[in-house]
A.B. asks: 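Handing you a structure now.
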Amino acid sequence: MHLRSSAALVAAVFLSLSQAFADTKPVTIAAPWEVASYDVAVSGFAIQKLEILENLVDADENGVLEPGLATEWAASDDGLTWTFTLRKAVKFHDGTDFDAASAALALRRAWQQPGILEKAPITAIEAGDGTVIFSLSTPFAALPSLLAHATTIIPAPASFDTDGKPVALIGTGPFAVEKFTPPQSISVTRFEGYWGDAPEIETASYLAAGRAETRALLAESGDADIVFSLDPAGFSRLSAVDTVKTTAVPIPRVVTLKVNAAHPFLDDPRARQALSLAMNRKGIATAITRFPESVASQLFPPALNMWHNTSLSPLKHDVEAAKALLAELGWAAGEDGILVKDGDRFAVTLRTFPDRPELPLIAAALQDMWREIGIELTVDVNNYSMIPQGHQDGSLHLALYARNYGLTPDPVGTVLQDFGSAGGDWGAMGWDRPDVAEALARVAATDDEAARAADIALVTKAIQDELPLIPVVWYQHTVSVAQDLENVIIDPLQRSYGLSEMNWAK
Amino acid sequence: MTQTNPFIAALAQRGLQAVVVALIVGIVSFAMMQALPGDAAYRIAAGRYGYDMMDAASAELVRQELGLDRPFWAQLLQWLGALATFDLGQSAVYGTPVIDEIATQLGYSLLLAAGAVVVSVLIAVPMGIAAGLRPGGLVDRVSLGISILLRAIPAFALGVVLVLIFAVQLKLFPVAGFRGPQHLILPSLTLGLGLAAVSNRVVRDAVVEAMDAEWRLFARTKGLSARLTLVRHVLRNASLPVVTYVGVQMAYLIEGVVIVETVFAWPGIGHALVHAIFGRDIAMVQGTALALGLIYVALNLVIDLACRAIDPRTRAT
């Protein structure tokens, strides 16, 4: 029985191979992220990057919003109703028309699933005459930005079965799915009925390769034309290979330390400042992440334009100052060098996870650095769901993770979630600053640039002064591109691989 | 003694075994998943939405959707009831039918396993026979040395070395992926070399034993040529342990090649099972374990039948 199915598989593989030989050379993209679901709430990130499904709102590589499947949008005077005018004469890959009903259906579904829309004050999503209308309970200026997010891409009604379960990936994008082999690959072909300019590339495939060594070898051998997320060793090796060019693009992702500010050892801002001062960020950025310029001087990196506050004084490395702050708080070194106060040892646990391989290494470095100021750190490398769980049940002391503030072109949704009242699973914990929560609510409600700037400055300064989250390093996105592939735009927001823009050198 | 066709009896025995295996595997894997530490709703939400979107609210939605707050026996009974209608349910993480996932991944795993066994047999059988015919000779000693060396290299390192030589330097085969038969060669070679390192010694020992047997002396004395003795008697007898061993290797290959699958980005069932366990994807774990259990039963049946075909003594009764 298995012989026959193997033979059928070989035949199928051959068939898809011959189909893949179209006129122009196919582009192969390799990245670590697996795609295994038809549900855009689950695998929207991969689908959006391949330009299979599209958003109502698009964004360029600088985060400036552009028309997507909606040509224009406007809020009512009270800010409680948003109307998005939809592009006409757009077809889904199955030949059906994209219309208000299909857009409203997809967005209502996205709103009910865990995702970005869940965080907005939406009360209803309805189809109008060639429009989609959002009703809100409070003004929310960042709504268009949320509609550029990966979980708000628009699948065709035919992507769902009669029970509403997603069973296919049918969109309006310039590329349509040819073959989907979960969790490792997707092949796409150019969609001839696309509403926009036709891409030059005719076929492309995506391969999820979990190991960094494999990805570097794929790039070096020319098996993959664009390879994302290289490890430091692979990146430096590929820099010396003639057939590929390597680039590192700063992205709005930050390795940060979440601190339980309600913990008796950590509830004073001076204790958190001491943790920060004892960190040798330069050492971590040089030896572990290998981009010395990516030391985090504040939480939000320069890629986040408005949120990067140039007037803040950068976070410093000063072990003696850290020791002095802890002494001020009444801590004194015990027999083994670990600090003691009222019979309590300064022993805390840090939770992190191995999905990003540099995190456990950074945790080990922190363990060493903090020992120098008399703090005993236990590192617990576990599933990352232990961090939100520890936030909810209050058992968390410290957590180390990488937070993406570029999920949407305007990060206010994520910042609000992290630093709003009561904090957030991936943000502040036990940090009580009602003025910050109010300022963020005002930033979310208005698009008046001057008013926003003043409130953003208040928020970023409060975070820098009191460190509810202690930033460690900013991220660089490492990519290798085949030498003869032109016009490849590396999107810092990671919304697109830019397949529709690139072309082979003539 | 009643006259039952031994062939039918073997089939019936293995069929009954399959039902028992299905029940035990389903219940044991369910119990093991329940015993793992951590909150399943959180783990499943983590597997579904990734660290950028997963939070406590999504975990609570998952708990509601999958009914994870029900007592464990209610969840187990539901799975067993569905199994009775050949329904393996849906992946908790991906929402796709478990049967579809297994069908795809098992197909790729079987393909890779078959490739590895072919490589292993092509290398091990000629080498083992050559070594076994002259125990202690040059071929025997050299093959022993190479076997030890290959066995000592972890499959992961061997795979990367083969990729560096054949894909990056010589550009003969692709590095990873699975778009055509050429993609099968390096992972098959990686696994096959490791298997051949052991199985060529099994072949060698079987040949040595057969060559020393009294029945071989008898065959030669009755006037059979050395070549005919080898082909008709020695190889036939020596093949029994080898066929059994290849069966064992096949079973090991189907489930135990996670690292090689990961290095070569091969969408196999071992990789899927490991991910399902991490993600607490109970339906996927149960379905995958069930498929593997049934494959063992089927493999045992095939090996029984093969040995029966090779060895006439088992057919006499």
Side-chain angles (χ1 to χ4, degrees), chain A residues 1-3 5-6 8-10 13-14 16-17 20 28 30 34 36-39 41-42 45 113-116 118 151 165-166 181-185 205 207-211 213-214 217-218 220-224 353 355 382-386 388-389 391-392 401-402 404 407 417 424-426, chain B residues 38-39 41-59 61-62 90-91 93-96 100-101 103-108 110-111 113-114 156 160 163-164 167-168 171 174-181 183-184 262-267 271-272 275 278 295 298:
Chain A
M1 165 236 144
H2 63 253
L3 260 186
S5 62
S6 304
L9 195 67
V10 172
V13 165
F14 258 122
S16 60
L17 192 70
T28 303
E34 298 195 337
S37 176
Y38 293 107
D39 190 344
V42 178
F45 297 94
Q113 298 279 320
I116 202 87
E118 193 189 22
T151 57
K165 217 169 69 64
T181 315
Q184 242 96 12
S185 94
S205 60
L207 179 68
R211 297 203 67 96
E213 297 89 342
T214 307
L217 291 168
L218 281 166
E220 191 175 351
S221 70
D223 280 356
F353 52 93
D355 301 51
N382 209 314
N383 185 284
Y384 51 79
S385 67
M386 294 301 285
Q389 206 175 343
H391 177 94
Q392 294 296 325
Y401 50 84
N404 183 0
L407 286 174
Q417 199 184 327
D425 287 343
W426 296 100
Chain B
D39 184 332
Y42 273 85
R43 298 299 168 93
I44 293 169
R48 270 195 200 178
Y49 304 114
Y51 41 70
D52 284 338
M53 293 308 297
M54 183 269 160
D55 56 17
S58 64
L61 280 173
V62 165
Q90 287 167 3
S91 158
V93 174
Y94 302 123
T96 44
D100 292 359
E101 298 260 328
T104 313
Q105 287 151 353
L106 193 58
Y108 280 102
L110 289 173
L111 190 62
F156 161 70
V160 172
V163 166
L164 277 173
V168 175
K171 302 212 182 292
V175 174
F178 47 96
R179 269 168 292 168
H183 284 90
L184 186 58
T262 311
V263 169
F264 289 97
W266 190 265
H271 181 82
H275 273 243
F278 283 149
I295 282 182

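Naming: A, B, ... by sequence-line order, numbering from 1 per chain. Computed from a prediction, not measured in an experiment: that's the story for all the values here.
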A.B. asks: If we define contacts as heavy-atom pairs under 4.5 Å, which of A/Lys165, A/Gln417, A/His391 has the most with chain B?
C.D. replies: A/Lys165
A.B. asks: Mind checking ring pair (Phe, Tyr, Trp, His ring centres under 6.0 Å) for A/Phe353 and listing every partner two or more places apart, or none if nothing turns up?
C.D. replies: A/Tyr384, B/Tyr51
A.B. asks: So which of A/Ala30, A/Ser185, A/Gly424, A/Gly210 has the largest heavy-atom pair count under 4.5 angstrom toward chain B?
C.D. replies: A/Ser185
A.B. asks: Select one option (side chain, backbone, both, neither) describing which atoms of A/Leu217 are under 4.5 Å from chain B's heavy atoms.
C.D. replies: both
A.B. asks: Less than 4.5 Å to any heavy atom of chain B: does that hold for the side chain of A/Leu207, its backbone, both, or neither?
C.D. replies: side chain
A.B. asks: How close do B/Phe178 and A/Gln184 get, heavy atom to heavy atom, and via which atoms?
C.D. replies: CE2-CB, 3.7 Å
A.B. asks: Which atoms of B/Val93 are under 4.5 Å from chain A, going by heavy atoms: the side chain, the backbone, both sets, or neither?
C.D. replies: backbone
A.B. asks: Taking side-chain contact (heavy atoms from CB on, under 4.5 Å) as the definition, give me every residue that meets it alongside B/Phe156, ordered by chain and number, with sequence neighbours left out.
C.D. replies: A/Arg211, A/Glu213, B/Val160, B/Ile259, B/Val263
A.B. asks: Contact part of A/Gln392 toward chain B, heavy-atom cut-off under 4.5 Å: side chain, backbone, both or neither?
C.D. replies: side chain
A.B. asks: Indicate the atoms forming the closest heavy-atom contact of A/Asp425 with B/Ala57, along with that distance.
C.D. replies: OD2-N, 4.4 Å
A.B. asks: Does the side chain of A/Thr151 come within less than 4.5 Å of B/Tyr49's, by heavy atoms?
C.D. replies: no
A.B. asks: Where does B/Met54 contact chain A at under 4.5 Å (heavy atoms): side chain, backbone, both or neither?
C.D. replies: both
A.B. asks: Top residue by heavy-atom pair count (under 4.5 Å) with chain A, among B/Ala272, B/Gly50, B/Ala113, B/Ala298?
C.D. replies: B/Gly50
A.B. asks: Among A/Gln113, A/Gln389, A/Glu220, A/Met386, which residue has the highest count of heavy-atom pairs closer than 4.5 Å to chain B?
C.D. replies: A/Gln389
A.B. asks: In terms of heavy-atom proximity below 4.5 Å to chain B, should A/Ala209 be classed as side chain, backbone, both, or neither?
C.D. replies: both
A.B. asks: Is there a side-chain contact between B/Trp266 and B/Leu184, using heavy atoms and a 4.5 Å cut-off?
C.D. replies: yes
A.B. asks: Looking at A/Ser221 and B/Val175, what are the two nearest heavy atoms and their distance?
C.D. replies: OG-CG2, 3.0 Å
A.B. asks: Check whether B/Val168 gets within reach of chain A through its side chain, its backbone, both or neither, counting any heavy atom under 4.5 Å.
C.D. replies: both
A.B. asks: Between A/Pro183 and B/Pro267, which heavy-atom pair has the shortest distance, and what is it?
C.D. replies: CD-CB, 4.4 Å
